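What you see is a predicted model, and the numbers here were worked out from it, not measured in a lab. Numbers here simply count residues along the sequence, with the first being 1.
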Amino acid sequence: MLTDNLQRVKRDEFGANLDEKEILEASQIDISQVILKISKVAEISETELQRLFEIFNKFEFVILECEPLPHPEENLLALKKFFGSVKRHKLAAPNGITSIENLGNSPLGKTYVATTNKMHLMHTDGSYEIEPPKIVAMQCEVPSKNGGFSQIVYAESVYEYLRINHPQELQNLFTHALTIARTEETATRAIFVEQEGRISMTFRSDSVVSMTIPPQMEKVYNIIKNYVNDPKNHFTYQLKAHQILLIDNTTVLHGRTSFPDHEFRKLNKLCFDGISEYCRHLQFGFIPK
């Protein structure tokens with residue numbers, strides 16, 4: 001696991017005291033293993049596509065590094081062929097892409113953290129949806145100069161931590177459901193779900209969703225919240241322009257450090273249902289040890 005032997009990373013409000021070398025050393029990552037360089041998604045070769053699936057299945061995420069295009073969103077939209085239909089967000093444009101950028105004092109900031117410069121706690125996307133997306137793609141157009149680091153943590157590392165330290169509470173995560181609501185969308189499910197020997201995880205803990213947590217689940221919910229938001233359990237990386245982070249939303253939680261309010265940072269996000277002729281090559285969820 002990439003989360004093994006992580007060292008605690010000290011950071012200021014924006015993570016601005018970290019350079020890329022320090023981040024990678026702290027995460028014990030050989031970043032070259034998860035980056036795939038291609039020209040453009042629409043012209044990806046069979047060999048490159050096979051390598052993409054191999055990285056995705058091994059690490060549960062992959063970073064595509066594409067050559068610049070006049071319209072960079074073309075690379076993001078071309079992923080539909082491989083990862084299925086788009087799961088539309090409420091703020092999505094007609095093409096399904098959601099722009100992630102700081103909108104200042106917009107009232108949207110009260111319900112959509114992605115429209116602010118604030119830290120985004122670790123979560124899986126669509127936890128309040130009946131059918132959350134299987135794959136989340138985030139394309140960097142403009143990185144912030146300070147902060148704005150992308151973070152991920154593995155569901156399997158959460159599972160293993162609980163298995164060793166809180167085994168009884170872990171069992172409750174399969175049998176007791178939580179209800180998560182956001183505006184008019186509501187979903188009730190267990191945090192961990194096992195299907196055909198593979199386990200998926202759904203989790204969110206920020207203030208923009210409404211949570212109904214059974215009393216017997218409150219302790220373990222807070223244990224998970226503390227674990228996934230502890231920097232020592234993160235892989236942290238600052239996406240560069242023209243890079244696309246693709247994650248398995250069933251087994252990887254993601255978040256973001258804050259960045260200065262005056263700095264411009266823009267990502268494009270697209271979520272997929274994981275239903276396509278190519279998705280038979282993908283393995284969602286994890287197999288417990």
Side-chain angles (χ1 to χ4, degrees), residues 1-11 15 18 23-31 33-34 56-61 119-127 132 134 136 149-180 189-207 209 211-237 245 247-257 283-289:
M1 292 298 298
L2 299 181
T3 50
D4 287 349
N5 302 317
L6 296 187
Q7 301 297 315
R8 182 176 296 276
V9 177
K10 295 181 180 179
R11 62 189 54 173
L18 296 177
I23 292 170
L24 299 180
E25 287 177 349
S27 301
Q28 297 293 299
I29 282 283
D30 179 358
I31 193 65
Q33 292 183 311
V34 295
F56 187 91
N57 289 334
K58 181 176 181 179
F59 296 102
E60 296 160 355
F61 76 99
M119 176 179 66
H120 205 327
L121 296 179
M122 307 302 288
H123 63 285
T124 58
D125 268 18
S127 56
K134 291 284 186 65
V136 175
F149 296 116
S150 297
Q151 302 164 302
I152 70 168
V153 63
Y154 286 107
E156 185 175 358
S157 72
V158 180
Y159 176 92
E160 284 298 312
Y161 175 79
L162 294 172
R163 183 182 66 83
I164 294 170
N165 298 284
H166 304 279
Q168 183 55 54
E169 286 83 356
L170 175 60
Q171 293 306 310
N172 289 338
L173 294 174
F174 288 89
T175 57
H176 294 77
L178 291 75
T179 298
I180 304 178
R189 65 170 60 84
I191 290 178
F192 282 122
V193 174
E194 182 173 1
Q195 187 174 10
E196 298 181 352
R198 305 189 74 91
I199 296 174
S200 61
M201 182 179 182
T202 306
F203 188 80
R204 185 142 186 171
S205 63
D206 56 46
S207 60
V209 294
M211 301 285 301
T212 303
I213 306 172
Q216 64 270 39
M217 295 290 292
E218 290 180 357
K219 176 184 176 181
V220 70
Y221 174 84
N222 286 317
I223 289 172
I224 295 173
K225 180 179 178 180
N226 291 334
Y227 181 90
V228 300
N229 290 299
D230 187 337
K232 73 178 183 180
N233 300 317
H234 296 167
F235 164 64
T236 303
Y237 179 74
L245 173 63
I247 65 173
D248 177 354
N249 191 53
T250 72
T251 191
V252 171
L253 293 80
H254 66 279
R256 178 197 70 197
T257 68
Q283 300 170 353
F284 296 109
F286 65 90
I287 299 175
K289 296 177 180 177

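- Side-chain atoms of H254 and N249 include no donor-acceptor pair closer than 3.5 Å.
- Between Y161 atom OH and H166 atom NE2 the span is 4.0 Å, to the nearest 0.5 Å.
- In terms of modelled atom types and a separation under 3.5 Å, the side chain of R189 and the main chain of S127 share a donor-acceptor contact.
- At least one donor-acceptor pair under 3.5 Å links the side chain of N226 to the backbone N or O of N222.
- In this structure, M211 and L178 have side chains that are in contact, with non-hydrogen atoms separated by less than 4.5 Å.
- A distance of 9.5 Å separates CG in N165 from OH in Y227, rounded to the nearest 0.5 Å.
- Pairing each heavy atom of Y221 with each of R204, the nearest pair is OH-O, 2.9 Å.
- Remark: I247 CD1 to I152 CD1 distance equals 7.5 Å, nearest 0.5 Å.
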Next item on the list: Check the pair Y154, F235 against ring pair (Phe, Tyr, Trp, His ring centres under 6.0 Å), reporting the backbone distance first and the verdict last.
Entry: CA-CA 9 Å; Y154 286 107; F235 164 64; 8.6 Å; no
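- By the neighbour-count criterion of 12 heavy atoms within 6.0 Å, atom CE of M119 is sparsely surrounded, having that number or fewer from other residues, nucleotides or ligands.
- P288 approaches I199 most closely through the heavy-atom pair CG-CD1, 3.7 Å.
- In this structure, M122 and F203 approach most closely via the heavy-atom pair O-CD2, 4.3 Å.
- For H234 against V153, the heavy-atom pair with the smallest separation is CD2-CB, 4.2 Å.
- Residues H123 and L121 come closest through the heavy atom pair ND1-O, 2.8 Å.
- You'll find the side chain of I223 reaches within 4.5 Å of the side chain of K219, heavy atoms only.
- Partners of I287 under the side-chain contact (heavy atoms from CB on, under 4.5 Å) rule, at least two apart in sequence or in another chain, are R198.
- Summarising the local packing, CD of E218 is surrounded by more than 12 heavy atoms from other residues, nucleotides or ligands at distances under 6.0 Å.
- Nearest heavy-atom pair, T250 versus G285, reported as atom, atom and distance to 0.1 Å: OG1-N, 2.9 Å.
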